[in-house]
Chemist: 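Pasting a structure below so you can have a look.
What you are looking at is a predicted structure, and each value in this text was computed from that prediction instead of being measured.
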Amino acid sequence: MEVIQFINCVILLLFFSFYAYQFAYIPISLFRKPKPQADARPHRYAVLIAARNEEHVIGNLIDSLKEQTYPAELFSVYVAADNCTDRTAEVAEAHGAVVYERFDRKLVGKGYALRFLLEKIPESYDAYIVFDADNIVDKNYISEINKTFSSSFEIITGYRNSKNYGDNWISAGYGLWFLREARYLNCPRSLVGSSCGVSGTGFLFSDRVLKKCGGWNFFLLTEDIEFAAHSIVSGEKIGYCPTAVFYDEQPTSFRQSVRQRMRWVQGYLQVLRKYGTALLRGCFRGDFSCFDMLMNIAPAALLSWISIVVNLAAAGVSLRNGTGPLTVLLSAGQNLLGLCLTVFLLGLITTITEWKHIECGTGRKILSIFTFPVFMLTYIPISVAAFLCKPGWKPIVHSRAVSIRELQCESAAERRFL
């Protein structure tokens, strides 16, 4: 069993060596200040929303866009009602969006809906902003992201918050992860001049970038990661705008969460197969953005899978030899404990610094620090299952219908109460 302990130790050391640089991101984010942005110039934007059976939430997103402080004549809202069987198209039109309906049961997924929408838009714009139908947007979002766009970044991601953080430990786990991604990944990346990551929604890309890509041609299960990887290996720099705030609805069902995160892991593996070699070449050229992207799509799932296979095999050998699996369990438990403590510290730091941005009660904020490691540990069996199951895309049900005013008023009322 000494061999198993050695292997587990090596896996743990590899894990920490791969991600040690992200711990260096923490003081960078805390103590370095971003450079002042240049004066913003007016640009024309098209807001793109791919929606499938989102009649309950899409109206609030469009309303929050209509309340932007950015001049209304400089942006338009377009919706792809993708294979909808409800009133999504009708609701979106009633709230003021231009809607195109798409019916294609063979080519399914957000990537195809975005391509369809971009091909339908009758005019070109300076840039395009992508949102999911369940999002709601701070009134200054477009004004703020326009400042970053004016400062020469042509792909930009914003500050992703959660509108249902306090629902349960699952939504809190997602919410805390995305807050950490914004504050302690994308923020320090932008401060050191590295490329940030696009994360599904709330991001911008220019018309030049779109034409350079030959249109929207990203159709893997994680089309956002595919787009980010393609952009990085193509020499584009992804910027970050911390003041472009939007709110996302997180799953609350464990079954839906497992299904979604399994798709993410499978999507990461698809991106790795497609762009891994190019990213590795970039690493050898000294491109830190390529290294950072490679670390985000590869090692965690692979190391988790190897660790489980090795420990299960060792436990089987122990049982066959009559020696018992206790030593194996103790070794694996030590690794898990180390990972749990690491995740706990990351969640604690994020919660403390982003406290005022978390839209829920004090008790839930504190509790989520302790449930965050549990949420992240569930990625281990999910990662293993992702290797064994056939990739597929299924929609996530969204039902949290709340306006940006209601969300911010609830948060303000709670702060006054406390």
Chemist: Return yes if a side-chain donor-acceptor contact under 3.5 Å exists between N53 and T85, otherwise no.
Modeler: yes
Chemist: Less than 6.0 angstrom separating the ring centers of Y112 and W216, yes or no?
Modeler: no
Chemist: Tell me whether S150 contacts the main-chain N or O of R41 through its side chain, where contact means a donor paired with an acceptor under 3.5 Å.
Modeler: yes
Chemist: Check W169 against R364 and note the closest heavy-atom contact, atom names and distance.
Modeler: N-NH1, 3.6 Å
Chemist: Check whether N83 reaches the backbone of D104 with its side chain - one donor and one acceptor, N or O, closer than 3.5 Å.
Modeler: yes
Chemist: Can you confirm if the aromatic rings of F227 and F205 lie within a centre distance of less than 6.0 Å?
Modeler: yes
Chemist: Parallel, tilted or perpendicular, judged at 30° and 60°: which one describes the rings of H43 and F149?
Modeler: perpendicular
Chemist: Is a side-chain N or O of D224 found less than 3.5 angstrom from the main chain of G200, in a donor-acceptor match?
Modeler: yes
Chemist: Nearest 0.5 Å please: distance from the CG atom of L348 over to the CD1 atom of I352.
Modeler: 4.0 Å
Chemist: What closest approach, in Å, do N146 and A40 show between heavy atoms, and which atom pair accounts for it?
Modeler: ND2-CB, 3.6 Å
Chemist: With side-chain hydrogen bond (donor to acceptor under 3.5 Å, both in side chains) as the test, pick out the partner of S257 among Q260, R261, R259.
Modeler: R261
Chemist: Find out whether Y141 and Y70 are in side-chain contact, i.e. whether some heavy atom of one side chain is under 4.5 Å from a heavy atom of the other.
Modeler: no
Chemist: Salt-bridged, R102 to D82, with N to O below 4.0 Å?
Modeler: yes
Chemist: Within a strict 4.5 Å, meaning less than it, do heavy atoms of the Q270 and E226 side chains meet?
Modeler: no
Chemist: Ignoring hydrogens and angles, tell me if any N or O in the side chain of S29 forms a donor-acceptor pair with the backbone of R183 under 3.5 Å.
Modeler: yes
Chemist: After noting the C-alpha distance and the side-chain angles of K139 and E67, does the key distance pass the salt bridge (Lys or Arg N to Asp or Glu O under 4.0 Å) rule?
Modeler: CA-CA 6 Å; K139 65 180 181 180; E67 295 174 0; over 6 Å; no
Chemist: Passes side chain to side chain contact (heavy atoms under 4.5 Å, CB included), S162 versus E359? Steps please.
Modeler: CA-CA 7 Å; S162 298; E359 310 289 356; over 6 Å; no
Chemist: Where does the angle between the aromatic ring planes of F178 and Y174 fall among parallel (under 30°), tilted (30 to 60°) and perpendicular (over 60°)?
Modeler: parallel
Chemist: Once you measure the plane-to-plane angle for Y100 and F116, does it fall in the parallel (<30°), tilted (30-60°) or perpendicular (>60°) bin?
Modeler: perpendicular
Chemist: Compute whether any side-chain donor of one residue and acceptor of the other, for S368 and Y165, lie under 3.5 angstrom apart.
Modeler: yes
Chemist: What distance do I155 atom CD1 and T148 atom OG1 have between them, rounded to the nearest 0.5 Å?
Modeler: 13.5 Å
Chemist: Is there a donor-acceptor pair under 3.5 Å between the side chain of Q68 and the backbone N or O of I142?
Modeler: yes
Chemist: K237 side chain to G193 main-chain N or O, any donor-acceptor pair under 3.5 Å?
Modeler: yes
Chemist: Under a 4.5 Å cut-off applied to non-hydrogen side-chain atoms, are L280 and L294 in contact?
Modeler: yes
Chemist: Measuring centre to centre across the rings, with the benzene-like ring taken for any Trp, is F370 within less than 6.0 Å of F344?
Modeler: yes
Chemist: Step by step, would you call E181 with S199 a side chain to side chain contact (heavy atoms under 4.5 Å, CB included)?
Modeler: CA-CA 9 Å; E181 181 181 61; S199 182; 3.2 Å; yes
Chemist: Salt-bridge test for R180 and E354: reply yes if a basic N is under 4.0 Å from a carboxylate O, no otherwise.
Modeler: no
Chemist: Going from CG on L185 to OG on S190, what distance comes out if it is rounded to the nearest 0.5 angstrom?
Modeler: 11.0 Å
Chemist: Return yes if some donor-acceptor pair links the side-chain N/O of D207 with the main-chain N/O of S124 below 3.5 Å, else return no.
Modeler: no
Chemist: Determine whether the side chains of E144 and T243 contain a donor N or O and an acceptor N or O closer than 3.5 Å.
Modeler: yes
Chemist: Would you say L65 and I49 make side-chain contact, with heavy atoms under 4.5 Å?
Modeler: yes
Chemist: I170 and T252: side chain to side chain contact (heavy atoms under 4.5 Å, CB included), yes or no, with the steps?
Modeler: CA-CA 6 Å; I170 299 170; T252 55; 5.6 Å; no
Chemist: Using 4.0 Å as the upper bound for N to carboxylate O, is an ion pair formed by D248 and R160?
Modeler: yes
Chemist: If we ignore hydrogens and angles and just use 3.5 Å, is the side chain of E55 paired with the main-chain N or O of R87 as donor and acceptor?
Modeler: yes
Chemist: If you take all heavy atoms of N217 and C213, which pair is closest and at what distance?
Modeler: ND2-O, 3.1 Å
Chemist: I need the minimum non-hydrogen distance between V192 and R32, along with the two atoms involved.
Modeler: CG1-NH1, 4.0 Å
Chemist: Give a yes or no on whether the backbone of N164 and the side-chain of S171 come within a donor-acceptor separation of less than 3.5 Å.
Modeler: yes
Chemist: As an exercise, state the distance from CZ of R189 to CD1 of I238, rounded to the nearest 0.5 Å.
Modeler: 9.0 Å
Chemist: Hey, does S64 have a side-chain heavy atom less than 4.5 Å from the side chain of N60?
Modeler: no
Chemist: Determine whether D287 and R281 satisfy the following criterion, salt bridge (Lys or Arg N to Asp or Glu O under 4.0 Å), listing intermediate values before the conclusion.
Modeler: CA-CA 9 Å; D287 189 334; R281 290 198 197 102; over 6 Å; no
Chemist: Would a 4.5 Å heavy-atom cut-off, applied to side chains only, mark Y128 and L210 as touching?
Modeler: yes
Chemist: Give every residue pair that meets the ring pair (Phe, Tyr, Trp, His ring centres under 6.0 Å) criterion with at least one member in residues 269-288, sequence neighbours excluded.
Modeler: Y21-F288, F288-F291
Chemist: To check you understand the geometry: which heavy-atom pair defines the closest contact between K66 and H95, and what is its length?
Modeler: CE-O, 3.8 Å
Chemist: Where is the tightest heavy-atom contact between Q250 and G175, given as atom of each residue plus distance?
Modeler: CG-N, 4.3 Å
Chemist: Using 0.5 Å steps for rounding, measure from the OG atom of S195 to the CG atom of N186.
Modeler: 9.0 Å
Chemist: Rounded to the nearest 0.5 Å, what separation is found between the OG atom of S383 and the CG atom of L269?
Modeler: 8.5 Å
Chemist: Does G347 offer a backbone N or O that forms a donor-acceptor pair with the side chain of T350 under 3.5 Å?
Modeler: no
Chemist: Please confirm whether W264 and Y379 have ring centers closer than 6.0 angstrom.
Modeler: no
Chemist: Before giving the answer on side chain to side chain contact (heavy atoms under 4.5 Å, CB included), spell out for D132 and N135 the whole-Å C-alpha distance, their side-chain angles and the decisive distance to 0.1 Å.
Modeler: CA-CA 6 Å; D132 288 341; N135 298 161; 3.8 Å; yes
Chemist: Are K120 and Y78 packed together at the side-chain level, in the sense that at least one heavy-atom pair is separated by less than 4.5 angstrom?
Modeler: no
Chemist: Hey, would you say the Y25 and Y184 ring centroids sit under 6.0 Å apart?
Modeler: no
Chemist: Are the side chains of W355 and T362 in contact, using a 4.5 Å heavy-atom criterion?
Modeler: yes
Chemist: Any chance the rings of Y125 and F75 have centres within less than 6.0 Å?
Modeler: no
